[in-house]
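One structure is given below, encoded as structure tokens.
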Amino acid sequence: MKVSMFITCLSDAFYPKVGEAMARLLAKYGIKLEFPELQVCCGQPAFNSGYWDAAREGAKTILQAFRDSDFVVAPSGSCIGMVHHHYPTLFQDDPKHLAMARELIAKSYEFSQFLIHVLGVTDVGATFPHRVTYHPSCHGSRLLGVKDEPHMLLSHVRGLEFVPLPFAQDCCGFGGTFAVKVPDISGAMVTEKAEHVLETEAEVLVGLDMGCLTNISGRLHAAGKPIRVMHLAELLYEGVKGGR
Amino acid sequence: MNATTSATATVNERAQTALNDNFLRNAVKFTTEKLRTGKLTASEELGNWEEWREQGRQIRLHTIAHLDYYLALFVQNVRRQGGHVHFAADAKEAIAITMNIAKEKQTRSVVKSKSMLSEEVHINQVFAEHGIEVVETDLGEYIIQLAGETPSHIIIPAIHKNKAQVAELFSEVAGERLPADTAVLAGFARSKLREKFLQAEIGMTGCNFAIAETGSIALFSNEGNARMVSTVPKTQITFMGMERIIPSLEDLEVMASLLPRSATGQKLTVYMSLINGPRRSPDSDGPEELHVVIIDNGRSRQLGDPEFQEVLNCIRCGACLNVCPVYRHIGGHAYGWVYSGPIGAVLTPLLHEDKELANASSLCGACYEACPVKIPLHNMLVYQRRRNVEKALTKKAEQLGMKAFQFISSDHRLYRRIVKAGRLGQKPLVKGGVIKAKFGPLKGWNSYRHAPKLAESTFRETWKALEHELQQDLPKMSPELQERMSNILKERGRTDG
């Protein structure tokens, strides 16, 4: 049984600790993760900007990289959402890659989905005695349908005080290239999101996507209010590590 | 309207003006929050909302797929009941038809109920040019008419105005100081408009839904103005978008369950009127003549386009505006045309002209989630972007950047080299673990945030050591988990075949 890590370009280059936390957590369950090194990027930045030919090249590489995997796990609802929601469109005129895309869709999961639906785990045995709020990334929740999974996992973390984020479902303003191309509207959106986060008086903001989390934490940092921002995998792994 | 809200300014310039207008932003935020919360409550109260949405979607898909048939049926039935039907290919024709009728009736004044289509066609301007008084009778439209502005929301045209501003506008008309009190202001509007209803030769309405099988025009209104406009004046002109049609009254039940709840959170608007032709004896009111003007204005161009035909399913509820974070921050005028929010961003390049609106979106998908007929607006925005790329309308620097992305994302060795170079390049910029520099590509990001730095080693560079370490102590997978995962594979194999 081949379980492969889809690290995503963002985590690979900026947040390797997220990948490490995932790998260590999954190892607890006896999962020997593999890392197909061909992978680079799912192609979403190019796809969303309308450059579909450019997106296809990155996407084909992803299809090739995970060709032999049985399970593919990524610390990102956005990247897995790209595969599930947009790869069929991207390859609609290419039967060979369309077939590969359908196979990848059937076997790829966002991290919390993998824990709950594949491993059947809702309680990783973590202790994390902090006040925590959660931001549900748009692509993960709307494109991929990840709604309850993170809550199921967080609800079993001992000592964790969960505080709901006001208007949690509102976009944080990242939108990939949107934050760079339309910076003022994006800035207004992330400012609003950061204000809601601060309203919760949480010590930790947790999420499933480093794109969103980078965006929000970058704003909080610039506003002089650097609360701790963590990926769910990091939170759970820290909760498990400490509990030993 | 100042220069930066006019059509000649770019989307970014108009957005800038809006973003600096805290008053506007607070007003829009306040009302959209009320509306979207109302929708959630109303849809939960109805229950089975997803099934209703799917029904709505199927009805609209089917109708648009057979639009010629249903339009023909509708026209037949309108004429059977004594109404007149005119076809207008574009705004010019719609205006000509309307002015012909107005001239024939020696019109001096017209009362209108809300019609976004009439804004597309700019009919008010034409009336004014011909010395005909037009009065908007929808309270929100009346307010912006007095202010000399265009609507900034599909359902709440004056969303950007507060009570104090309305009091000021009405005070000018009244010739006396009116207080910023809702009851007083509404009462003033009612008495003013009542005179107009009684004087007007022509009543103009829009059309929420045309019912093909009965030849009816369905109008939803809260203020009763649509009913009055279609009852008192001797001549009625109804502007109907060619796509605003459903097959039957059973279908109207579905739309009546979706539209008010989605638009304002009401179970039903105060009035839902079905107009079946002009006055016939023994009716004591109603227009003597009914003219339905069916307008194309770019809609038929979407038929047969697999990417955009579904945009014709829109029932103009405004739910997408109320959940859109971009709309909430920049308001409706920043979109530069009649329709704003996500539906506006998709429609404007299709029916009018624009090459930028599609970029003003983070593709969060809230619009699709909110749409009562499930139009994939978030996907359509990407299609618009792709078309802009195909037409070479994007910036050269971006095109080059994407070319580079293409090479890097398909070659892991090149990618590794780029990241290594990046780590060297960022050294002078990293302070306190973040990058705050505001030049070049970092300017937009760092005007509001701090940027992360590239990690000392990528995940893939550390993988070998990590893999080795994990393998040393790897616990044995439990037989239950083994079986569970095998079953998933087996299930997958079955469904694949």
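Sequence lines set the chain letters: A, B, ... in the order given, protein chains first and strands last, and positions in each chain run from 1. Computed from heavy atoms alone, side chains included, the values below leave out hydrogens, waters and symmetry copies.
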Just so I understand: if I count every heavy-atom pair under 4.5 Å between each of [options] and chain A, which residue has the most?
options: B:K476, B:R460, B:E480, B:R413; answer: B:R460
options: B:K443, B:Q399, B:K403, B:Q384; answer: B:Q399
options: B:T462, B:L363, B:L442; answer: B:L363
options: B:K436, B:Q16, B:E467, B:E456; answer: B:Q16
options: B:Q406, B:H450, B:R385; answer: B:H450

For A:Y29 and B:M485, what are the C-alpha separation, side-chain angles and deciding distance, and is it a side chain to side chain contact (heavy atoms under 4.5 Å, CB included)? CA-CA 12 Å; A:Y29 297 92; B:M485 290 176 80; over 6 Å; no
Segment of [X] engaging chain A (4.5 angstrom heavy-atom cut-off):
X: B:V326; result: both
X: B:A451; result: neither
X: B:E461; result: neither
X: B:N359; result: both
X: B:L454; result: both
X: B:R387; result: neither
X: B:E390; result: neither

Donor-acceptor under 3.5 Å (B:H412 side chain, A:E37 main chain): yes
Under the 3.5 angstrom rule, does the side chain of B:R449 hit a backbone N or O of A:I216 as a donor-acceptor pair? no
Under 4.0 Å between a side-chain nitrogen and a carboxylate oxygen: does that hold for A:E195 and B:K29? no
Taking side chain as everything from C-beta outward and backbone as N, CA, C, O, which of these in [X] sits under 4.5 Å from a heavy atom of chain B? Side chain, backbone, both or neither.
X: A:N48; result: both
X: A:K17; result: neither
X: A:S186; result: both
X: A:L33; result: both
X: A:M1; result: side chain
X: A:Q169; result: side chain
X: A:V18; result: neither
X: A:H117; result: backbone
X: A:V190; result: side chain
X: A:I7; result: side chain
X: A:F47; result: both

Given side chains that start at C-beta, do those of [X] and [Y] come closer than 4.5 Å, heavy atoms only?
X: A:D70; Y: B:L489; value: yes
X: A:W52; Y: B:V389; value: no
X: B:D411; Y: A:V40; value: no
X: A:T177; Y: B:E398; value: no
X: B:R492; Y: A:F71; value: yes
X: A:C41; Y: B:Y415; value: no
X: A:E57; Y: B:F407; value: no

Are B:F459 and A:F35 close enough that their ring centers fall under 6.0 Å? yes
Full working for salt bridge (charged side-chain N to carboxylate O under 4.0 Å, His left out) between A:E192 and B:R25: CA-CA 12 Å; A:E192 188 181 56; B:R25 288 173 70 184; over 6 Å; no
Using 30° and 60° as the class limits, which term best fits the ring planes of A:F174 and B:W445: parallel, tilted or perpendicular?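 A:F174 vs B:W445 ring planes: perpendicular.
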Between B:E469 and A:R24, is the salt bridge (charged side-chain N to carboxylate O under 4.0 Å, His left out) condition met? List the steps. CA-CA 10 Å; B:E469 183 199 323; A:R24 291 186 183 280; 2.7 Å; yes
